[in-house]
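Source: prediction; values computed, not measured. Ligands are counted one by one from 1 in listed order, and the atoms in each one are counted from 1 as well. Residue numbers run from 1 in the order of the sequence given.
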Amino acid sequence: MSRFVDVVLASGQAPAFTYAQSDPPVSPGDLVKVPFGRTSLWAIALSCHDKEPTFPVKQIMDKPLDRPFVPAHLAELVRWIADYYLCPPGVAAGPLWSAAGPSTLVRLGLGARKRKASPPGWNLESLVSPRESIELSPNPDQSAAADAIVQAMTAGGFAPMLLAGVTGSGKTATYLLAAREAIRRGKDVLILVPEIGLTPQTVRRTADFLGQNVAVLHSQLSDLDRARAWTSLREGSARVALGPRSALFAPLFDPGLIVVDEEHDGSYKQSGDAPRYHGRDAAVWLAHRLGIPVVLGSATPSLESWHNATTSRYRLLDLPHRATGAPMPKVRTVDLGAERKRTGGAISSVLRVDLERTLAAGKSAVVLHNRRGWSPQAICLDCQTALECPNCPGLRLTWHKDRSRLACHHCGHESPPPRACPACGSEELEAKGYAIQRVEDELRRLFPDTPLARLDRDSAAKAAVLEKIIDDFREHGGILLGTQMVAKGHDIPSVTLVGVTDADIGSQTPDFRASERTFQLLSQVAGRSGRASDPGEVLLQTRSPGNPLFAEVAAHDFGAFALRELETRQILRLPPFSRLILVEASGSDYALVEAWMDRLAKTLRPALETLGHFLAGPMEAPIPVVAGRHRVHLLAKARADASGTLRRAVREAMASCNIPSGIRAFADVDPVDLL
Ligand code: ADP
Ligand code: ZN
Ligand code: ZN
């Protein structure tokens with residue numbers, strides 16, 4: 001029996017704390033009460049060891065539950081996240097505590113009820129029981145893919161698989177078939193979905209298809225709902241956990257299969273606060289630790305996963321056709337350079353005519369315009385100055401006509417429009433360019449009698465509203481205009497036309513994943529068209545019709561896109577051919593931030609160069625100032641197989657350069673957002 005136990009506290013302190021083992025002994029995953037200062041606190045045991053600390057340790061006071069609070073593999077997941085994503089164990093354990101929620105201890109009879117429980121922010125049931133059974137006869141491709149997953153389950157051991165299938169190929173049905181078999185064998189199943197894919201329909205369909213209670217884990221659920229779902233999983237009355245990345249921390253004691261739906265989705269990577277973990281990568285780690293299959297599904301896989309699949313590290317499961325037998329939509333481009341002169345608006349005459357034809361045939365259309373607000377900038381007609389955010393110099397303010405406000409989409413600043421130009425005093429200020437509300441206005445004028453709904457973060461701030469907009473569109477048809485929110489997963493049979501007003505948007509951002517994101521967005525939104533019996537059409541408005549990316553989208557040829565893009569990545573030594581760690585420091589005093597980053601770079605550079613790694617910077621971040629804070633970046637890069645030594649070097653350098661007050665600094669391992 002090991003003599004010491006490292007624990008993380010429920011109260012959220014960053015470090016792990018060491019205590020002396022108790023009798024009966026505690027093991028990883030156990031809930032314990034420990035003395036702390038003059039009080040006692042709840043904690044979870046992370047690991048047990050014999051390494052004698054250099055200070056006197058206190059004894060664990062109590063272990064109230066005879067079964068582990070969470071399975072031991074979740075304690076190990078916390079340790080892995082702390083180690084891999086360079087954060088303290090107490091921070092890595094944050095999502096584990098929040099998955100359970102504060103009311104769980106009350107439910108287990110261990111805590112006092114809080115006076116005020118947090119209200120639900122999500123119109124989602126946390127525990128859904130099956131109602132009717134769904135039967136579906138899989139097509140041969142689906143059968144083959146599901147069989148491969150089941151065989152991997154039978155064979156036992158870690159088996160990472162990429163389920164790559166065109167939009168509408170029936171990936172969901174495929175992994176649910178495999179999940180059903182896992183359940184039949186007495187195993188638990190974990191299904192991760194992107195934030196926005198978590199709808200009541202997804203939950204209902206999963207419960208009905210699997211004939212199982214499905215527990216939803218989501219931070220937006222009320223404390224009580226969260227505790228109900230969480231305890232059902234821990235007690236085994238629900239054996240299927242469904243949710244966004246935080247659902248990784250579902251207390252499933254015997255998982256047999258993990259699914260990551262839409263694995264390319266950016267919401268799997270936690271940005272903002274630590275732990276900055278990637279839900280997909282953590283899922284693969286967990287499957288490896290448990291020795292079970294993990295299925296990553298997408299029509300547009302991340303190039304990291306695709307590279308793993310084409311180099312045989314992952315098994316590739318292919319669904320090349322739509323499940324309904326419908327053909328893939330026909331994709332055309334419209335040359336805006338030639339068109340704009342004639343129409344002037346955001347809707348070209350070609351798109352207008354197509355919309356007319358589609359609506360006249362009783363079908364409906366989706367229009368993508370990926371920019372919020374009324375117009376992306378406000379300029380002075382006399383001196384051409386664009387109005388910028390006072391907190392984020394260089395970032396233009398977006399005009400929100402509906403609330404008569406200029407808004408900064410980076411820091412949230414909002415203000416009424418100034419009376420005069422801050423540069424020259426002229427009163428001739430004008431909204432310039434098209435954001436989605438202005439396109440909405442144009443579509444209303446073009447199609448006054450057609451139902452038209454707008455879907456973006458302003459119109460659908462709450463999930464409930466999003467649901468309603470989609471449901472109304474499903475029922476009444478017409479035009480659904482939206483930002484990238486319209487591209488995600490919706491399966492609406494009446495849609496036969498998808499129009500993209502500006503297919504070039506995003507491809508100019510200074511981020512090496514820009515074209516990957518554009519390909520994903522265009523393919524996913526194109527995938528909304530012609531999913532039922534009538535053939536679908538897609539129209540991409542662009543100023544650069546010769547961009548090869550559009551031909552690849554038109555051919556629904558992810559492989560061709562990936563091949564071309566991977567060639568570039570290889571030449572530039574970018575992921576997946578290398579590993580990155582981004583260090584960001586920010587503060588209101590630029591000189592202070594820069595001086596500290598210089599010091600860090602001086603420590604880090606020799607260490608990295610000895611290892612054959614590379615360091616870029618310090619440099620101003622692509623968005624140099626946000627909300628009054630100056631942002632400086634360092635980008636560390638290593639060979640793809642050397643992420644371990646890279647992480648160690650960054651960790652040690654950051655630990656040796658004390659961060660002065662006034663500076664916030666963090667490391668982001670495998671960063672997704674480089675701006
Ligand atoms: P994906 O996730 O690959 O985009 P879905 O799983 O959402 O695709 O399936 C797309 C549509 O095809 C859904 O309406 C689904 O009900 C239907 N579908 C899936 N499998 C079959 C099948 N074997 N036969 C008929 N329809 C199917
Ligand atoms: Zn001016
Ligand atoms: Zn701002």
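Interface atoms of ligand 1 facing Asn139, defined by a heavy-atom separation under 4.0 Å, are 23 (N). For ligand 1, the atoms closer than 4.0 angstrom to any heavy atom of Asp491 are 11 (C), 13 (C), 14 (O). Proximity to Thr172 (heavy-atom distance under 4.0 Å) selects the following atoms of ligand 1: 2 (O), 5 (P), 6 (O), 7 (O). Atom numbering of ligand 1 starts at 1 in the shown order; those under 4.0 Å from a heavy atom of Arg531 are 4 (O), 7 (O), 10 (C).
Residue contacts with ligand 1 do not include Arg322, since none of its heavy atoms lies under 4.0 Å from the ligand.
At a 3.5 angstrom cut-off on N or O pairs, Gly170 counts as close to ligand 1. The distance criterion of under 3.5 Å between nitrogen or oxygen atoms is not met by Leu136 with respect to ligand 1. For Gln142, a nitrogen or oxygen atom sits less than 3.5 Å from a nitrogen or oxygen atom of ligand 1, counting backbone and side chain alike. Considering backbone and side-chain atoms alike, Thr324 places every N or O at 3.5 Å or more from each N or O of ligand 1.
Around the CZ atom of Arg131, the shell of radius 6.0 Å holds no more than 12 heavy atoms that belong to other residues, nucleotides or ligands. The local environment of CZ in Arg457 is sparse, with at most 12 non-hydrogen atoms from other residues, nucleotides or ligands closer than 6.0 Å.
Around the Zn ion (ligand 3), the protein atoms of type N, O or S found under 2.8 Å away are Cys389 SG, Cys392 SG, Cys408 SG, Cys411 SG, listed by chain and number.
Without hydrogens or angle criteria, Arg396 side chain to Gln377 main chain gives no donor-acceptor distance under 3.5 Å. Looking at His321, its side chain never comes within 3.5 Å of a backbone N or O of Leu319 through a donor-acceptor pair. The backbone N or O of Ile492 lies less than 3.5 Å from no partner atom in the side chain of Arg531, so there is not a single donor-acceptor pair.
Put simply, the side chain of Val465 does not reach to within 4.5 Å of the side chain of Ser459, judged on heavy atoms.
Atoms CG and CG, from Leu429 and Leu381 in turn, are 7.5 Å apart once rounded to the nearest 0.5 Å.
Salt bridge Arg276/Asp668: absent, no basic N to carboxylate O contact under 4.0 Å.
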Decide yes or no on ring pair (Phe, Tyr, Trp, His ring centres under 6.0 Å) for His409 and His400, but give the supporting numbers first. CA-CA 11 Å; His409 291 171; His400 285 256; 5.2 Å; yes
Hey, mind stepping through Glu304 and Arg513 against salt bridge (Lys or Arg N to Asp or Glu O under 4.0 Å) and telling me if it holds? CA-CA 11 Å; Glu304 284 83 355; Arg513 288 196 181 86; 3.0 Å; yes
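Of the options Glu516, Gln520, Arg280, His278, a side-chain hydrogen bond (donor to acceptor under 3.5 Å, both in side chains) to Ser302 is made by Arg280 and by none of the others. Results of the side-chain hydrogen bond (donor to acceptor under 3.5 Å, both in side chains) test with Glu195 over His218, Lys488, Gln220, Arg245 single out His218 as the only residue that passes.
Counting heavy atoms only, Gly168 comes closest to atom 10 (C) of ligand 1 of the residues Pro138, Gly168, Gly297, Ser137. Of the listed residues (Gly165, Ala299, Ala323), the one carrying the non-hydrogen atom nearest atom 19 (C) of ligand 1 is Ala323.
Here the Zn ion (ligand 2) is the vertex; the SG atom in Cys380 and the SG atom in Cys383 give an angle of 110° (to 10°).
Atom 16 (O) of ligand 1 has as its closest protein heavy atom Arg205 NH2, 3.9 Å.
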